[in-house]
Amino acid sequence: DNDSITAIDAVSLQKVFEAASGARPRTLAEAPDGSLWVACEGDATVRVHDGLTGALLATLPMPIGSAPYGVVFRPDGAAGYVSLRARGEVVEVDPAARSVVAQLPVGSEPKGLAVTADSQQVLVTRFLSGAPGEVRRLTTSPFALAGAVTLAVDAGPDTENSGRGVPNYLSSVTISPDGLRAWVP
């Protein structure tokens with residue numbers, strides 16, 4: 001709510017820096033060079049900050065009204081990816097040139113992103129999937145839509161903290177350390 005990013009020392013729990021970022025920063029990722037890339041939904045930018053000081057290094061404009069949300073980098077460092085929720089696209093970025101190199105339509109409401117350990121696939125959650133709920137699979141070489149994983153319907157029962165139906169409001173995905181499963185909260 002402060003349109004900023006903050007670094008906290010993991011040992012002392014003291015604030016290292018707080019730096020202004022774009023409007024409504026949603027997610028961030030560390031690039032291969034140690035810089036921090038921040039998806040700013042409110043002003044349709046990705047801000048690149050110095051990972052040690054928080055100083056702003058670059059601003060990558062995304063299409064107006066695109067609502068960037070997720071940002072992630074391949075483990076091999078060759079590329080990064082940003083979800084553009086309002087456009088139904090994922091863009092591939094060159095971390096060295098700090099530029100967009102490709103755009104890929106992936107269906108409505110892409111949000112959370114994860115890359116497999118071998119850097120070969122990107123998983124994309126769809127915030128509102130409809131029926132059925134799903135996670136899209138992209139290949140990285142070539143950058144293309146490879147299909148979808150259908151999520152199980154919750155048959156219930158309804159409780160105080162859960163409800164039956166199609167999985168929706170999917171904002172993140174995490175791949176297990178062994179690489180055999182992906183978890184979608």
Side-chain angles (χ1 to χ4, degrees), residues 1-104 106 109-117 119 122-128 135-136 138 140 143 169-177 182-185:
D1 64 350
N2 197 33
D3 293 341
S4 66
I5 59 171
T6 303
I8 306 293
D9 183 283
V11 176
S12 69
L13 302 181
Q14 298 297 309
K15 181 167 64 172
V16 177
F17 68 78
E18 182 175 2
S21 197
R24 293 195 326 264
R26 293 299 181 229
T27 61
L28 59 79
E30 184 177 10
D33 66 1
S35 61
L36 300 175
W37 289 46
V38 183
C40 298
E41 186 177 48
D43 62 9
T45 62
V46 174
R47 305 293 173 111
V48 182
H49 293 267
D50 182 279
L52 298 176
T53 67
L56 183 64
L57 302 174
T59 300
L60 282 75
M62 297 291 135
I64 294 172
S66 60
Y69 185 89
V71 60
V72 67
F73 289 91
R74 288 171 41 171
D76 67 10
Y81 303 92
V82 178
S83 60
L84 302 181
R85 186 183 54 78
R87 289 178 59 103
E89 296 176 343
V90 172
V91 296
E92 183 178 57
V93 295
D94 178 332
R98 297 184 178 151
S99 63
V100 173
V101 295
Q103 294 174 253
L104 180 65
V106 296
E109 300 274 346
K111 272 192 138 181
L113 301 172
V115 180
T116 57
S119 297
V122 179
L123 302 179
V124 184
T125 65
R126 293 182 62 204
F127 186 64
L128 297 172
V135 174
R136 295 287 173 104
L138 314 179
T140 59
F143 184 44
Y169 304 116
L170 309 177
S171 296
S172 62
V173 56
T174 301
I175 298 172
S176 64
W183 297 93
V184 182

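In this text, all values refer to a predicted model and were calculated from it rather than measured experimentally.
No side-chain heavy atom of H49 sits under 4.5 Å from any side-chain heavy atom of L57. For the pair V135 and V184, the minimum side-chain heavy-atom distance is below 4.5 Å. Under the 4.5 Å side-chain criterion, counting only non-hydrogen atoms from C-beta, V38 is not in contact with V46. Looking at heavy atoms from C-beta onward, V48 lies out of side-chain contact with T59 at the 4.5 angstrom threshold.
One N or O on the side chain of T27 and one on the backbone of Y69 form a donor-acceptor pair closer than 3.5 Å. Distance alone, capped at 3.5 Å, places no donor-acceptor pair between the S4 side chain and the A20 backbone. Counting only distance, with no hydrogens or angles, the side chain of S119 and the backbone of R74 share no donor-acceptor pair below 3.5 Å. Side-chain atoms of R136 come within 3.5 Å of backbone atoms of V106 as a donor-acceptor pair (strictly under, hydrogens ignored). A side-chain donor-acceptor contact under 3.5 Å links D3 to the backbone of R24. Within the 3.5 Å criterion, the main-chain N or O of G70 finds a donor-acceptor partner in the side chain of S83. Using modelled atom types, one side-chain atom of T53 and one backbone atom of A55 make a donor-acceptor pair closer than 3.5 Å. Between the side chain of S12 and the main chain of Q14, a donor-acceptor pair closer than 3.5 Å is present.
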Working note: E18 + N2, criterion side-chain contact (heavy atoms from CB on, under 4.5 Å); need CA distance, chi angles, decisive distance, verdict. CA-CA 10 Å; E18 182 175 2; N2 197 33; 2.7 Å; yes
Is there a side-chain contact (heavy atoms from CB on, under 4.5 Å) between S172 and W183? Walk through the geometry before answering. CA-CA 9 Å; S172 62; W183 297 93; over 6 Å; no
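In this structure, F17 and L36 approach most closely via the heavy-atom pair CZ-CD1, 4.3 Å.
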Could you go through residues 92-102 and list every donor-acceptor pair under 3.5 Å that involves a side-chain atom there, pairing it with any protein atom two or more places apart or in another chain?
unit_1, atom_1, unit_2, atom_2, d
E92, OE2, Y81, OH, 3.1
D94, OD1, A96, N, 2.8
D94, OD1, A97, N, 3.0
R98, NH2, D33, OD2, 3.2

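Classification of R126 and E109 as a salt-bridged pair fails, no side-chain N sitting under 4.0 Å from a carboxylate O.
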